[in-house]
Q: 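Below you will find the structure I want to go over with you.
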Amino acid sequence: MEVITGAMSTLLPKLGDLLKEEYKLQKGVRGEVMFLKAELESMEAALHKLSDAPIDQPPDIQVKLWAREVKELSYDIEDRVDTYMVRIDRAPKELHGLRGFIDRCLDLLTKAKVRHKLGTDIKDLRSSIEEVSKRRDRYKVDQVARRHASMTVDNLRLSALYKKATELIGTEKKSSELIEWLMEGDEASKKHLRIVSIAGVGGLGKTTLAKVVYDKLKVQFDCGAFVSVSHSPNIERIFISMLHQLGGKNIEATWSQQQLIDELRKFLQDKRYFIVIDDIWETCVWETIQYALIDNECGSKVISTTRNLDIAETIGAVYKLQPLSRFDSRKLFCLRVFGTEETCIPNELAEVSENILKKCGGVPLAIITIASMLANGKENTRKSWFKVSHILGSGLEDSPDVIKDMRRILSISYYDLPPHLKTCMLYLSSYPEDSGIWTKELILKWVGEGFILKDQRKSFYEMGEHYVAELINRSMIEPFHVYHDRDKKAYFRLHDMVLDLITHLSTEDGFLTTLDGQRPIHLPKKIRRLSIKSSNGQYVKQLPTVGLDHQVDNHYFSIICNLFHLRYLRLSYTSITEIPKEIRNLQYLEVLDMSETEVQKLPSTFVQLRQLLYLHVSRTRIPDGFGKLKHLHVLDGTIIVESPTMMHDLAELTEMTRMGLRFHEWNESYENPVIQCLGSLVKLEYLKLIGCNGDFGSRCDKVTPGPQLLQNINMKSSTICAVPRWMSSLCALTILHISLLTLGEEDLHVLGSIPSLSHLQLSVEESTQGCNKKIVINNAYSFLCLTKFEICKTIGVVFAQGAMPKLQTLVLVFGVLETLDKFGDFDFGLENLSSLMHVDAWMGCSKAKSEKLKAAEDSIRTALDMNPNKPTLNCHETNWLKVHVQYEGCQSNIKKILSKVDGVSKKSIIHPKQGKVTISVDDVDPTTTIEMLNKAGMLAQLLSYTYLGGEEDPTRCSIM
């Protein structure tokens, strides 16, 4: 059942807030609000109950209509409550004297009228609630007799078990692979029970593949069974079926689960068996079944199938089933349409058939379903095939029955979702087909919609990432781009058939109204979410979330400030240059993205956005009182800190998990305020500091109570004198990017004692004053968890035996001539790193002769040959110079500045998403280049720079 709970999740807490003393409700109105809250809580429970109804036993149509009415009522109530709370919470104007007195009196009168209006509205709402409650009793929602669907899911599954041999296209190679997985291993391991789980989206052919392998191998075993678990399993019946197929006798239908398990174990004790357990939906079901699967060391095999990757990994080895190739898809399509796979598709149908196959995405169920419909058509005309192509992905109610049957199979995974994930899934119907969905943007929109449940242990963004991961594991969405070195999905996409399903469900439920300009518009009476899709695939998404394009300027933004229900607003890449004072009207705004704009300052009224959770800025000045934004969790980009007193304000943001600060003119007066601020930000997980040059808390041993959740510190755009000792007290710190003036033994002691540090990026500006001797890194510096170490510029270190015992990846960035002049050789002691697996060497060689470059590479390679692990080496060198710059600010400004620099190649590459620019300069040394940039005024916007020779991909250059 696709019922979701409307605005209940956000409305009920608001009703609770209304009862607080600060809103000064009259006694009678308080009683009415308490009544509404109690009734709505009961209705929410009923909606959850309906949502959990069995898949093949949907509630009556009257119950569905009642559920929709409840949801619409919840939206209406929330709108009125929001309007009331905004008017009551409106901050008074800061006026003095007679004018101020008059305004305050008028404000009191206005609020009195607002409270009176609320009382009238609440009475009207009570009448509506009572009528809905009566209908609930009249329709017997809580005990409605559910009718059986005309075709059960199990019936639809039978076709997968009894396909013709000619229809098993694409299974030969996969079945061979699966058989190899089952049978692999040495003689000893082959005796043990081997379990392989086939995982994949619904309709991909898991059951078919398992049946093919079962039929091929069962003759090699003493006995076998093929049982289907399905969504609502009867474990006793499954065990009885298994016993019958295996050859068991005298089975009693009244046996308990325990008796059946005992009988199975007894029967299988000395037999080599092969069992397929198809369609597992819950881990607990598998855990029960596996009690019967005895490992008797006879070489028995078990195959399971599931749509859930987590369950597959729990069961055993995972065979992740891939879609059919385009070649096999075309063969299967032709077989079903024309009766033979060798048939050539007529030229006039070639283009539309390719479009149909693209939408089917290699899913056999989808291909067979659509091809069967075309085969049964009266004529194979271009017009009729284009009509079918249009239907796919549209979610239209009047789709043919075969498509409805296909939706039913694909919908099982949707019905299995918890209510909050059903809501999140329906939201994806606002995206056009074949679009890459940016995970970060989507999570922030879910936040704006109120879809993400609160959890004391996780931030809202972590909860959103958990939702995405769960949808991927359940095969509802598929990732297609992953962040480098992270198990985070940057982008994902929807299969067209899944999009068709959720579009259909979304329209049926009234969740989203979609206008695409291609079919007659039948608008519902009320539109809560509107998705407008143009013919070229672009789209404008719905309120309460708004994203704007580059044509939007300051005038349009002033109009947007009147949308006081707005929760999400993205201004990135727009032409907006200033934020008006009217932004205070957006009292419910939770997400604001101003990245890549030229907004340099926030108005004083900005601090009235008390619901703000997420803010993304680009080198922006903030107003006094910024600490009033108590709910702020994430501050992406950087804000400019202009005085030490601002740190006291920022210390009030105790919910902050991510923060970036750029100091205008750092001096010692900042040290204590910064340390005290960090001591208050106990939930901080990521910290970026720019412009902290010189001393930075090096005399402080511990930050109290301190950001003990801090995992990532980025200080590569600051050059400090010493590693702060308090960093060694950060138990969760795993990633540190830091730039030092010089590197000393005390610095290594502090860095080595950070308990969880796994990735260290260290930039050293110059060797220890008056000494060009290398520092020996040995086992005196712990580095117990360090697996990746990047050191650049001045590499004055050599590794001794026992150093960095878990280090696997080492990145060396150095100038060949500079290193040779300062230290005389390229001996880094790489042969002594016991766990080293790979080295990246980036060698700056703007004026180095080829023999010196070769000497550097040979020295590194010789050391690695002496290392027992035989680590791999990638060397990068060239005869021309690249200056890598990390910047912050508007992309267009950086381009303008670059155009003024003499000698800078026109091929300069801008990476606005990453805030990086690579400047290619021919035959110019680093000093001259930096002087040129300085003359052009660019250094004012640079965060850091480095230089090296090598034709590296600038997106991989992580030393900035």
Side-chain angles (χ1 to χ4, degrees), residues 153 156-157 160-161 168 170-184 193-214 217 226-231 233 238 274-290 293 301-325 328 360-366 409-418 421 425 466-480 482 487 489 492-495 497-498 501:
V153 174
L156 290 170
R157 293 181 58 78
L161 295 174
L168 301 177
T171 61
E172 187 60 36
K173 180 181 177 183
K174 294 172 183 176
S175 63
S176 297
E177 289 177 346
L178 188 54
I179 290 171
E180 186 177 343
W181 278 41
L182 283 169
M183 300 302 189
E184 67 181 0
L193 175 64
R194 175 75 170 166
I195 304 175
V196 176
S197 186
I198 306 172
V201 69
L204 202 54
K206 300 183 297 296
T207 301
T208 302
L209 178 60
K211 186 67 164 60
V212 168
V213 173
Y214 179 74
L217 295 184
F226 193 116
V227 294
S228 292
V229 175
S230 297
H231 198 271
I238 292 170
F274 182 23
I275 297 176
V276 176
I277 304 167
D278 184 40
D279 200 27
I280 299 176
W281 283 86
E282 295 183 66
T283 304
C284 61
V285 172
W286 163 251
E287 289 172 347
T288 301
I289 292 174
Q290 73 172 346
L293 305 176
K301 312 295 177 186
V302 172
I303 292 177
S304 69
T305 72
T306 180
R307 301 187 185 193
N308 192 312
L309 190 58
D310 283 343
I311 294 175
E313 290 172 346
T314 300
I315 292 172
V318 180
Y319 182 86
K320 197 168 183 181
L321 189 57
Q322 300 300 319
L324 293 178
S325 66
D328 284 337
C360 290
V363 175
L365 169 69
I409 293 176
L410 295 176
S411 69
I412 304 173
S413 294
Y414 173 81
Y415 290 133
D416 188 56
L417 297 173
L421 286 184
M425 196 67 201
H466 174 70
Y467 288 8
V468 170
E470 193 167 351
L471 290 174
I472 290 173
N473 286 337
R474 290 170 178 263
S475 302
M476 298 301 294
I477 59 179
E478 53 187 25
F480 74 94
V482 180
D487 188 25
K489 311 302 182 288
F492 64 86
R493 58 190 169 200
L494 281 168
H495 191 286
M497 295 296 97
V498 176
L501 168 69

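In this text, all values refer to a predicted model and were calculated from it rather than measured experimentally.
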Q: Under the side chain to side chain donor-acceptor pair (under 3.5 Å) test, which residues partner Tyr214, sequence neighbours left out?
A: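 Residues passing side chain to side chain donor-acceptor pair (under 3.5 Å) with Tyr214: none at all.
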
Q: What's the shortest heavy-atom distance between Pro233 and Ile238, and which atoms?
A: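 The answer is CB-CD1, 3.9 Å.
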
Q: Can you measure from CD1 (Ile311) to CD (Glu287) and round to the nearest 0.5 angstrom?
A: 10.0 Å

Q: How far apart are the closest heavy atoms of Thr305 and Asp279, and which atoms are they?
A: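 So the minimum-distance heavy-atom pair works out to OG1-N, 2.6 Å.
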
Q: Please list all pairs meeting salt bridge (charged side-chain N to carboxylate O under 4.0 Å, His left out) that have one or both residues in residues 195-205, counting only residues at least two apart or in different chains.
A: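 Salt bridge (charged side-chain N to carboxylate O under 4.0 Å, His left out) check on residues 195-205 returns no pairs.
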
Q: Which heavy atom in Pro323 sits nearest to a heavy atom in Leu204, and how many Å separate them?
A: CA-CD1, 3.7 Å

Q: Which one of Val212, Leu217, Val196, Thr171 satisfies the side-chain contact (heavy atoms from CB on, under 4.5 Å) criterion with Leu178?
A: Val196

Q: Scan for salt bridge (charged side-chain N to carboxylate O under 4.0 Å, His left out) pairs involving residues 170-179, sequence neighbours excluded, and state none if there are none.
A: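 Only Glu172-Lys216 qualify under salt bridge (charged side-chain N to carboxylate O under 4.0 Å, His left out).
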
Q: For residues Thr207 and Asp278, is any side-chain donor paired with an opposing acceptor at under 3.5 Å?
A: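 Asp278 and Thr207 do have a side-chain donor-acceptor pair below 3.5 Å.
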
Q: Take Val276 and Val227 through the test side chain to side chain contact (heavy atoms under 4.5 Å, CB included) and record every step on the way to the result.
A: CA-CA 6 Å; Val276 176; Val227 294; over 6 Å; no

Q: Looking at side-chain heavy atoms only, is the closest gap between Ile277 and Ile303 below 4.5 Å?
A: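 With C-beta onward as the side chain, the pair stays apart.
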
Q: Check whether any side-chain heavy atom of Ile280 lies under 4.5 Å from a side-chain heavy atom of Asn308, and answer yes or no.
A: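 Result no, sub-4.5 Å side-chain heavy-atom pair not found.
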
Q: Please name all residues satisfying side chain to side chain donor-acceptor pair (under 3.5 Å) with Trp286, sequence neighbours left out, ordered by chain then number.
A: Gln290

Q: Calculate, to the nearest 0.5 Å, the distance between atoms CG and CZ belonging to Leu321 and Arg307 respectively.
A: 12.5 Å

Q: Nearest 0.5 Å please: distance from the CD1 atom of Ile472 over to the CD atom of Glu470.
A: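 The distance works out to 11.0 Å.
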
Q: Go through the structure and list residues passing side chain to side chain donor-acceptor pair (under 3.5 Å) with Ser197, not counting sequence neighbours.
A: Ser304

Q: For a 4.5 angstrom cut-off between non-hydrogen side-chain atoms, does Lys301 reach Met183?
A: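 Answer yes - side chains close enough.
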
Q: Stepwise, does the side chain to side chain contact (heavy atoms under 4.5 Å, CB included) test hold for Trp281 with Val229?
A: CA-CA 8 Å; Trp281 283 86; Val229 175; 5.9 Å; no

Q: For the residue pair Met425 and Ile477, establish whether any side-chain heavy-atom pair is separated by less than 4.5 Å.
A: yes

Q: State, to 0.1 Å, how close Phe226 and Ala210 come at their nearest heavy-atom pair, and which atoms those are.
A: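 That would be CE1-C, 4.0 Å.
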
Q: Taking side chain as C-beta onward, heavy atoms only, is Tyr467 less than 4.5 Å from Leu421?
A: yes

Q: Before giving the answer on side chain to side chain contact (heavy atoms under 4.5 Å, CB included), spell out for Val213 and Leu182 the whole-Å C-alpha distance, their side-chain angles and the decisive distance to 0.1 Å.
A: CA-CA 10 Å; Val213 173; Leu182 283 169; 4.0 Å; yes

Q: According to side chain to side chain donor-acceptor pair (under 3.5 Å), who are the partners of Glu184, at least two apart in sequence or on a separate chain?
A: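 Partners of Glu184 by the side chain to side chain donor-acceptor pair (under 3.5 Å) criterion, ordered by chain and then number, come out as Arg194.
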
Q: When rounded to the nearest 0.5 angstrom, what distance separates CD1 in Ile198 from CG in Leu209?
A: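 CG of Leu209 is found 4.5 Å from CD1 of Ile198.
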
